[in-house]
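First listed ligand is number 1; within each ligand, the first listed atom is number 1. Source: prediction; values computed, not measured. The first residue in the sequence is number 1, and the count goes up from there.
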Amino acid sequence: MNNNSFFVTTPIYYVNDAPHIGHAYTSIACDVIARFNRLNKKKTFFLTGTDEHGLKIEQAAKKKNMETKIFVDEMSIHFKKLTKDLNISNDFFIRTTDEHHKNASQHIWNILKKNNQIYLDKYRGWYSIGDEAYFNDDEIITDEKTKKRLAPSGNEVQWVEEESYFFKLSKWQDKLLDFYKKNPNFIGPDSRKNEVISFVKNGLNDLSISRTTFSWGIEVPDDKKHVMYVWLDALINYLSAIGYPDKKYKKFWPADVHIVGKDIIRFHAIYWPAFLLAAEIEPPKRIFAHGWWTNEGKKISKSLGNIIDPNEIIKEYGLDTLRFFLLREVPFGNDGDFSKKSLQRRINNDLANDLGNLVQRVLTIINKNLDGKLNKIKQIKENDKKLYEYPKEILKKIEINYEKQELHKVIESIWKLISEANKYVDENAPWQLLKDDKERAGDVLNILVLIIAKIAIFLAPIMPNISENILNKIGLSIKKLSMKDISNDNFLNMSYKIKKPEIIFQKIE
Ligand code: ME8
C-alpha cells in the first residue's frame, strides 16, 4: 500500500427501500473526509454503493410483484441519484449484483475453505430479516403485548432450522482481542471500542454463512443449494470494488477507514477482521461508527411515516446548508435529533451572522471604496498577528481531527477563526480607517481577504459550492488551491477586482 493513498468507504445501502436522511448523513461525512484528503494531496479513493442480496430484498421485490433483479436495478438508481443530489465525490459506486463482485466473493469463500475455516452443519436459531442477522437466545426480547419475539433493534425474529455452512468464528476470539490490543485505533469512537471488546470477551459462536431456503444471493462455490450469507457477500464489497482478487487492490488496501452507523459496528469490527485474518488478508486500519438520527425526537421509520427526504430539505434550505448542519449540529459519533428549528437556528447564527456577515461586509467595503482592488500587504502589525497566524495554527489540529473523524471539531476550529476575523473587523473598523489612514485600511482589508480565502479552503470539503462561490468572488478557485495554501500568503491574484458580493445566506424569520 502506498503511503500517500487514502481509502474511505460508506456502508453499502440496502435497496429494499428509498434512501433517507440517515444514508445521506453517512455519505456526506465520508465525502467531507474524502475531499479533505484530496485537498491534502493524498491519492484518494472514495467508495459507496448498494447491497442488493438477501431475504429482505427478495421479499421487498415480491411485495412489489417485481422480478428481483429488475427491482434492485430500479432501487439502486435512487441511491446513485442521491450521490449526485448530495454532490458526493465518490470514485466508484459498487453494486453487489456486479459480476466482478460475485467472483471476488466466491474467491474469498474458496480461500476460507482451503484454510479450513468453513464446515457444513445445521443452523438452529433466531434470524431477523430486518437486520439480516442471527441472534442468540439471550439477545431476544418478547413483546409483552403482541408476544412477538424481537431482536434488540425491534425487528421481529423468526426461528430457522436449515443446513448451513459455518465460519469458525469461535476460534478467532483471542486473536481478535489480541488484534484490538495491538491496533488501539482500530475502532472509534472509544465508547464503541469498549462495547465491541466486551462482546467478544463474552465468547463468539461459529457463524452461519449460507442459506438454503431462498436463492437471492451469491452461489456458494461447488454447492448450488446454498447462497452466501448476505453480510459475508456485502463486506467483501470493500475489496472487490478496488479490484480484488487482482493485486491492484493493494494500491488502496488496507482501507484507511470504514465509516458506518452504530447499528452495524459488530459486523465491521468483529466479523470483517475475522474473515480477513482467516483469509490471510490485512484488516482495514479503522472502523468508525457514528450515531443515530431521530426526527423531532422520534425514531425515523417508515411505519411512523416520519422519513426525512434529503431532497426536500435541500429544496427548502440548500444542499451546503444541509451538509453543514448535519456535521455541525452533533458531535460525530453521538446520536442527534433533526428538527427544522435547530436547522434554522444554525442558518441564522452560524451561517448568516458569522460567515455570511464576514464575507459580505469585507468584500463590500473593498468593492465600494477601493474600486475592488487588492494590494500586497505592506506591514503586518503586532495586533494583526493573532488573526494572520491563526489559520496556520489550526491546520495541524484540523488534520488530527480529520484523522480521528472528529468532524464537529474541524467545524468548531473554522468557526473560531471566523469569529476572530469578525472581531478583527470590529476592532480595526476599516470603514473608519479609510477616512483616516488609507494605507493601513488597505492592509487590514487585504489581511481579511487572505483570511476569508483560507476560511473558504477550510470549508471546501464541507460546503464545496459555498466555498467555491466565496473563492470566485476574490478571483480564486479551489481547483488551483490545496491545504498547503493555508501556510502560503502569496496566492491572492493582485490583478483581480473584487466583485460586489450577493447575500450568501438569507436569514430565516
Ligand atoms: O446496514 N441515523 O444497510 P442499510 C444515522 N447493507 N445513520 C443512519 C440512519 C439514521 N437514522 N439510518 C441509516 C446496511 N443510517 C447494510 C450495510 S456494509 C458492508 C452493509 C445509515 O441500508 C448508517 O450509516 O440498513 C447505517 O449504518 C446505514 O445507513 C445502514 O444502511
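- Side-chain contact annotation: Glu52 with Thr97, donor-acceptor N/O pair under 3.5 Å present.
- Taking each heavy atom of Asp51 and Ala234 in turn, the nearest pair found is OD2-CB, 3.4 Å.
- With no hydrogens or angles considered, a side-chain donor-acceptor pair links Tyr238 and His268 at under 3.5 Å.
- Looking at Tyr25 next to ligand 1, no N or O pair under 3.5 Å apart turns up.
- Shortest contact from atom 29 (O) of ligand 1 to any protein heavy atom: His23 CD2, 3.5 Å.
- The closest side-chain donor-acceptor pair between Arg35 and Asn40, if any, does not fall under 3.5 angstrom.
- Taking any N or O of Asp51, backbone or side chain, at least one lies under 3.5 Å from an N or O belonging to ligand 1.
- Shortest contact from atom 1 (O) of ligand 1 to any protein heavy atom: Ile264 CG2, 3.5 Å.
- Trp292 CH2, 3.6 Å is the protein heavy atom nearest to atom 13 (C) of ligand 1.
- By the criterion of a heavy-atom distance under 4.0 Å, neither the backbone nor the side chain of Glu132 is placed next to ligand 1.
- Ligand 1 lies out of reach of Ala289, whose nearest heavy atom is not under 4.0 Å from it.
- Those atoms of ligand 1 with a heavy atom of Gly291 less than 4.0 angstrom away are 5 (C).
- Scanning all protein heavy atoms for the shortest distance to atom 2 (N) of ligand 1 gives Trp293 N, 3.0 Å.
- Interface atoms of ligand 1 facing Thr26, defined by a heavy-atom separation under 4.0 Å, are 21 (C), 23 (C), 24 (O).
- Taking atom 19 (C) of ligand 1 as the reference point, the nearest protein heavy-atom neighbour is Tyr238 OH, 3.5 Å.
- For the residue pair Asn116 / Lys168, a side-chain donor-acceptor distance below 3.5 Å is found, with atom types taken as modelled.
- Counting atoms of ligand 1 from 1 in the listed order, those under 4.0 Å from a heavy atom of His290 are 5 (C), 7 (N), 23 (C), 24 (O).
- For the pair His290 (side chain) and Lys262 (backbone), a donor-acceptor distance under 3.5 Å is absent.
- Side chains of Thr321 and Arg346: no donor on one and acceptor on the other come within 3.5 Å.
- Side-chain contact, Asp131 with Ser153: a donor N or O sits under 3.5 Å from an acceptor N or O.
- Donor-acceptor pairing under 3.5 Å is lacking for the side chains of Trp293 and Asp335.
- Remark: minimum distance from atom 3 (O) of ligand 1 to any protein heavy atom is reached at Tyr14 CD1, 3.3 Å.
- Neither side chain, Ser210 nor Tyr229, offers a donor N or O lying under 3.5 Å from an acceptor on the other.
- Contact annotation for His268 and ligand 1: only side-chain heavy atoms (C-beta onward) come within less than 4.0 Å of the ligand.
- Every N/O-N/O distance between Ala234 and ligand 1 stays at or above 3.5 Å.
- Distance from atom 31 (O) of ligand 1 to its nearest protein heavy atom, with residue and atom name: Tyr13 CD2, 3.7 Å.
- At least one N or O atom of Ile12, backbone or side chain, sits closer than 3.5 Å to an N or O atom of ligand 1.
- Heavy atoms of Asp263 found under 4.0 angstrom from ligand 1 belong exclusively to the side chain.
- For Lys262, the closest heavy-atom approach to ligand 1 does not fall below 4.0 Å.
- Gln405 and Arg286 form a side-chain donor-acceptor contact under 3.5 Å, judged by distance and modelled atom types alone.
- Residue contacts with ligand 1 for Phe267 are absent, since no atom lies close enough (heavy atoms, distance under 4.0 Å).
- Residues Glu162 and Arg211 are paired through a salt bridge, judged by an N-O separation under 4.0 Å between the basic side chain and the carboxylate.
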